[in-house]
Colleague: 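One structure is given below, represented as structure tokens, and several questions about it will come after.
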Amino acid sequence: MTLEEALSRPTIPVPDAGALFFGLARNAAYDAAKRGDFQTIKVGGRIVVPVAPLAERLGLKANIGGKAGSA
């Protein structure tokens, strides 16, 4: 997943958020989520990261619902 693809989605998996936004490996991403370093929500049995609040916190602009790579 690219950064542009992530910014076009409402949520992304914890490992993707950790890797794309913080350079973390899978286990480190889950550890950071567990500590509350970034917001997560539980959907069914999955833990996902809402993109808009994370992007805003990092000074990026989310393009939820837009095509990846579009301006």
Side-chain angles (χ1 to χ4, degrees):
M1 174 179 300
T2 66
L3 180 59
E4 291 79 21
E5 289 171 336
L7 292 173
S8 70
R9 298 172 142 197
T11 62
I12 58 174
V14 171
D16 289 340
L20 288 170
F21 294 104
F22 302 107
L24 299 175
R26 182 180 192 275
N27 288 341
Y30 278 109
D31 289 343
K34 191 176 193 178
R35 284 192 308 268
D37 292 346
F38 51 88
Q39 181 182 354
T40 60
I41 56 175
K42 190 169 184 180
V43 180
R46 296 182 56 194
I47 300 171
V48 294
V49 177
V51 173
L54 180 57
E56 183 179 338
R57 183 174 164 195
L58 297 173
L60 301 171
K61 184 176 180 186
N63 184 23
I64 307 301
K67 290 185 180 178
S70 65

Colleague: Please lay out, stage by stage, how Val51 and Thr11 fare under the test side chain to side chain contact (heavy atoms under 4.5 Å, CB included).
Modeller: CA-CA 5 Å; Val51 173; Thr11 62; 5.5 Å; no

Colleague: Treat each ILVMFWY residue as a node, draw an edge where side-chain heavy atoms are under 4.5 Å apart, and state whether Leu7 and Val48 are in one component.
Modeller: no

Colleague: Which atom names give the shortest non-hydrogen contact between Ala29 and Pro15, and what distance separates them?
Modeller: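 Minimum heavy-atom contact is CB-CA, 4.1 Å.
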
Colleague: The criterion is salt bridge (Lys or Arg N to Asp or Glu O under 4.0 Å); which residues satisfy it with Asp37, sequence neighbours excluded?
Modeller: Arg35

Colleague: Restricting to non-hydrogen atoms, name the atom on Pro50 and the atom on Thr40 that form the minimum distance, rounded to 0.1 Å.
Modeller: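 Closest pair (atom of Pro50, atom of Thr40, distance): CD-CA, 4.1 Å.
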
Colleague: To the closest 0.5 Å, what do you measure between CG (Asp31) and NZ (Lys34)?
Modeller: 7.5 Å

Colleague: Please lay out, stage by stage, how Phe22 and Leu54 fare under the test side chain to side chain contact (heavy atoms under 4.5 Å, CB included).
Modeller: CA-CA 11 Å; Phe22 302 107; Leu54 180 57; 3.7 Å; yes

Colleague: Apply side chain to side chain contact (heavy atoms under 4.5 Å, CB included) to the pair Asp16 and Phe21, showing each step before the final yes or no.
Modeller: CA-CA 8 Å; Asp16 289 340; Phe21 294 104; over 6 Å; no

Colleague: Please determine whether residues Ile41 and Val14 belong to a single hydrophobic cluster, defined as Ile, Leu, Val, Met, Phe, Trp and Tyr linked transitively by side-chain heavy-atom distances below 4.5 Å.
Modeller: no

Colleague: With a 4.5 Å cut-off on side-chain heavy atoms, are Met1 and Leu20 touching?
Modeller: yes

